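A short worksheet on the structure shown next.
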Amino acid sequence: MKFFLDTPNLEQIQEAQSLGIIDGVTTNPSLMAKEGITGKENILNHYIKICELVDGDVSAEVISTEYEGMIEEGEKLAALHPQIVVKVPVTKNGIKAIKYFSTKGIRTNCTLIFAPGQALLAAKAGASYVSPFVGRLDDISHDGLLLVEQIVDAFNYYGFETQVLAASLRSTLHIVRCMEIGTDVVTCPLKPILGLLDHPLTDKGLKQFLDDHNKANTL
Ligand code: E4P
């Protein structure tokens, strides 16, 4: 299972990269704005900085909603760095753009997936990744993880090469459930990833080992 970090924050990316457990980064226009990364040139330069920090795929989202705009933007983004994956919303124009990009060898992440049929069309168009949004479905009392499971099962059944990238994950338990489902990739902030390490018996066991060692070696 791959771990992507869901942030454009360079310090967080560097910290995760230094742990050696990060396989890529996802961003979206809201996250970029929240980090204060604004203006066309600054945004493009920031994507390059992220690519230089991590070894894996970096999702960069198009802003256009029209087909021609998506193509122009996506080609520009893809030309920035070989690690860039063009993030495209699952709209009619988005699906058409994903098909175009896949014929040109440009990798895509189809975003804002909230239903299995949307993931199916994205896979048919040749998306490299589909991003079902778990937390946002949970927020409106729908089972976000059930959607991930439905997509993973269908893609396995039909042998689609498109990878399922569980997004909008909010907790450590979301990550564990994605592991049980067999999700290809999870993306979330660093905190829930580090939460995977937490267990009181680990802390207790380690303390006991060190206490015993120190007692035996000070006699
Ligand atoms: C990632 O690709 C998504 O943009 C992101 O996970 C959305 O997360 P949110 O629902 O917490 O904003």
Side-chain angles (χ1 to χ4, degrees), residues 1-10 12-13 16 21-38 43 46-47 50-51 53-54 56-65 70 73-74 77-78 83-91 94-95 97-98 101 106-115 118-119 122-123 127-149 151-152 155 162-179 181 183-196:
M1 188 168 88
K2 286 189 222 161
F3 281 80
F4 288 179
L5 209 61
D6 195 24
T7 180
N9 181 290
L10 298 179
Q12 256 197 60
I13 295 170
I21 48 140
I22 287 302
D23 304 292
V25 167
T26 52
T27 63
N28 66 41
S30 305
L31 290 171
M32 295 291 272
K34 202 171 138 202
E35 284 295 320
I37 306 148
T38 55
I43 291 172
H46 198 82
Y47 287 137
I50 296 175
C51 290
L53 269 185
V54 288
D57 291 347
V58 175
S59 287
E61 188 159 341
V62 297
I63 307 298
S64 310
T65 53
M70 285 177 170
E73 256 189 85
L77 289 168
Q83 284 165 239
I84 292 284
V85 174
V86 180
K87 205 172 176 189
V88 183
V90 64
T91 58
I95 291 295
I98 287 169
F101 289 134
I106 293 175
R107 292 172 311 131
T108 51
N109 172 0
C110 187
T111 190
L112 289 167
I113 300 248
F114 293 98
Q118 294 177 318
S128 317
Y129 298 97
V130 289
S131 287
F133 276 36
V134 174
R136 292 192 195 188
L137 279 171
D138 288 358
D139 288 344
I140 58 158
S141 306
H142 284 250
D143 188 346
L145 288 165
L146 178 64
L147 172 65
V148 175
E149 195 166 10
I151 299 170
V152 167
F155 283 14
T162 304
Q163 295 187 55
V164 182
L165 194 174
S168 181
L169 298 182
R170 307 269 166 82
S171 68
T172 302
L173 188 58
H174 273 157
I175 302 174
V176 174
R177 284 288 296 123
C178 282
M179 175 191 77
I181 290 166
T183 314
D184 300 294
V185 193
V186 290
T187 189
C188 61
L190 187 55
K191 198 169 170 237
I193 297 175
L194 294 179
L196 292 166

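Keep in mind that what you see is a predicted model, and the values were worked out from it rather than measured. Both counts, for ligands and for their atoms, begin at 1 and track the order of listing. We number each residue from 1, following the sequence as shown.
Ligand 1 has a nitrogen or oxygen under 3.5 angstrom from a nitrogen or oxygen of Arg136. Taking only nitrogen or oxygen atoms, main chain and side chain alike, Thr187 does not reach within less than 3.5 Å of ligand 1.
When side chains are defined from C-beta on, Phe3 counts as touching Ile175, because their heavy atoms get closer than 4.5 Å. Side-chain contact between Leu137 and Asp143 is absent, with no heavy atoms from C-beta onward closer than 4.5 Å. With a 4.5 Å cut-off on side-chain heavy atoms, Thr27 and Lys87 do not count as touching.
For atom 3 (C) of ligand 1, the nearest protein heavy atom (residue, atom name, distance) is Phe133 CZ, 3.5 Å. The protein heavy-atom contact nearest to atom 4 (O) of ligand 1 is Asn28 ND2, 2.7 Å. Given atom 5 (C) of ligand 1, the protein heavy atom at minimum distance is Asp6 OD2, 3.0 Å. Of the protein's non-hydrogen atoms, Ser168 CA, 3.4 Å is the one closest to atom 8 (O) of ligand 1.
Across every non-hydrogen atom of Pro192 and Ser171, the tightest pair is CB-C, 3.7 Å. Of all non-hydrogen atoms in Leu165 and Pro132, the two that sit nearest each other are O-CD, 3.2 Å.
A salt bridge does not link Arg170 with Asp138: none of the charged nitrogens is closer than 4.0 Å to a carboxylate oxygen.
The closest approach between any non-hydrogen atom of Thr111 and ligand 1 is not below 4.0 Å.
The backbone N or O of Thr7 lies less than 3.5 Å from no partner atom in the side chain of Gln12, so there is not a single donor-acceptor pair.
Every atom of ligand 1 with a heavy atom of Lys87 under 4.0 Å away is listed here by number and element: 1 (C), 2 (O), 3 (C), 4 (O). Every atom of ligand 1 with a heavy atom of Arg170 under 4.0 Å away is listed here by number and element: 9 (P), 10 (O), 11 (O).
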